[in-house]
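Report on the structure given below.
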Amino acid sequence: MILQLSNIFFQYDTRVVLRNVNLSVEAGDFLGIVGPNGSGKSTLLKTMMGLISPDQGEVKLFGKSIKEFREWHRIGYIPQKVNSLNVGFPATVFEVVSMGLTGKKGMLNRLSKADDAEVEATIALVGLQKKRNDLIGTLSGGQLQRVFIARALVSKPDVMIFDEPTVGVDANSMESFYQLLEDLHRHHKKTIVLVSHDIGAITTRVNKVACINRELYYHGDHLGFIENQQQILAQAYQHSITLIEHGHKTECSC
Ligand SMILES: Nc1ncnc2c1ncn2[C@@H]1O[C@H](COP(=O)(O)OP(=O)(O)OP(=O)(O)O)[C@@H](O)[C@H]1O
């Protein structure tokens, strides 16, 4: 078992965001997590990564309680809004991808020739060989996203966790992004967890789906989700009401 969340409750101040969530990720899963705006998807990922602690419940990574877990290089996390990060930072593609190894080796250790070769191979894997020496500030949104994927990938994680990776990426790059994920899953045996708004796009690519709106409404095989999609989404989205207030349209999932 790669990841196990048991009876997770979490609230920001008085607002309950996760209620009794039980979710597991097994080796070989390609899990898509869907749900309305503000339904707790990012909070769920942050809980998985130990960035926030649940008020109740237990998180286990690779069979170990998250409190004792230290092998963070086994998990590659690509946070939301990679594209809006400060890309004025004067570093090349090679340098940024190399940073993915410093966590594993420690900041003060120089990279060996073998490490450099690993960085080169990872840059090639995401299709950026020609951009190797370019400053990241000169890249398109789709290319920049690949740099961050390579940075997460270079330490050879077993699982890669993506939070809304296609936001700000154009349609062509999106298609090649999904192809890259498929390649990582199928040929490089990576377990993948992907949060997305784009239900149609992901349910045809993943093999498991979790549908959340604070509580979990579905977790299982993607075909089971597709078959019962209308019913599951109606239940999960039933509290997502659109309020018209003073002429402004406000999405409220409450
Ligand atoms: N740091 C925070 N402090 C207080 N409330 C927060 C904080 N972060 C998120 N929230 C609230 O918690 C709820 C869940 O947010 P979260 O970002 O987990 O949802 P999401 O499903 O990822 O949303 P989206 O699809 O819009 O990215 C929202 O109502 C949000 O406003």
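Whatever order the structure lists them in is the order used to number ligands and atoms, beginning at 1.
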Using a strict 4.0 Å cut-off to heavy atoms of Pro36, name the atoms of ligand 1 that fall inside it.
21 (O)

Looking only at protein heavy atoms, which one is nearest to atom 20 (P) of ligand 1, and what is the separation?
Lys41 N, 3.6 Å

Could you tell me, atom by atom, which parts of ligand 1 come under 4.0 Å of a heavy atom of His197?
25 (O)

Nearest 0.5 Å please: distance from the OG1 atom of Thr191 over to the CE atom of Met160.
11.0 Å

Can a protein heavy atom be found under 4.0 Å away from atom 31 (O) of ligand 1?
no

Contact bool for atom 2 (C) of ligand 1 (protein heavy atom, d < 4.0 Å):
yes

Are any of the N/O atoms on Thr43, whether in the backbone or the side chain, positioned under 3.5 angstrom from an N/O atom of ligand 1?
yes

Flag if over 12 foreign heavy atoms under 6.0 Å of CD, Gln129:
yes

Considering only the protein, which heavy-atom contact is closest to atom 9 (C) of ligand 1, and what is its distance?
Tyr12 CE1, 3.4 Å

List ligand 1 atoms under 4.0 Å from Ser42, heavy atoms only on the residue side.
17 (O), 18 (O), 20 (P), 22 (O)

protein heavy-atom neighbour closest to atom 13 (C) of ligand 1 works out as Gly38 O, 3.7 Å

Quick check: is Met1 connected to Ile33 through a chain of hydrophobic side chains (ILVMFWY, heavy atoms under 4.5 Å apart)?
no

Contact with ligand 1 for Gly40, non-hydrogen, under 4.0 angstrom:
yes

Does Pro157 offer a backbone N or O that forms a donor-acceptor pair with the side chain of Lys190 under 3.5 Å?
yes

Just to be sure I read this right, does ligand 1 sit under 4.0 Å from the backbone of Asn37, its side chain, both, or neither, counting only heavy atoms?
both

Under 4.0 Å from any heavy atom of Ser39, which atoms of ligand 1 are there?
19 (O), 20 (P), 21 (O)

If the threshold is 4.0 Å, N to carboxylate O, is there a salt bridge linking Glu175 and Arg205?
yes

Ignoring hydrogens and angles, tell me if any N or O in the side chain of Asp55 forms a donor-acceptor pair with the backbone of Gln11 under 3.5 Å.
yes

Sidechain-backbone polar pair: Lys156 side chain, Leu153 backbone, donor-acceptor under 3.5 Å:
no

For Thr92, does its backbone N or O pair with a side-chain atom of Glu95 as donor and acceptor, under 3.5 Å?
yes

What are the two closest non-hydrogen atoms of Val209 and Thr203, and how far apart are they?
CG2-CG2, 4.0 Å

With a 4.0 Å cut-off on heavy atoms, is Arg15 touching ligand 1?
yes

In the protein, which heavy atom is nearest to atom 27 (O) of ligand 1, and how far is it?
Gln80 NE2, 3.5 Å

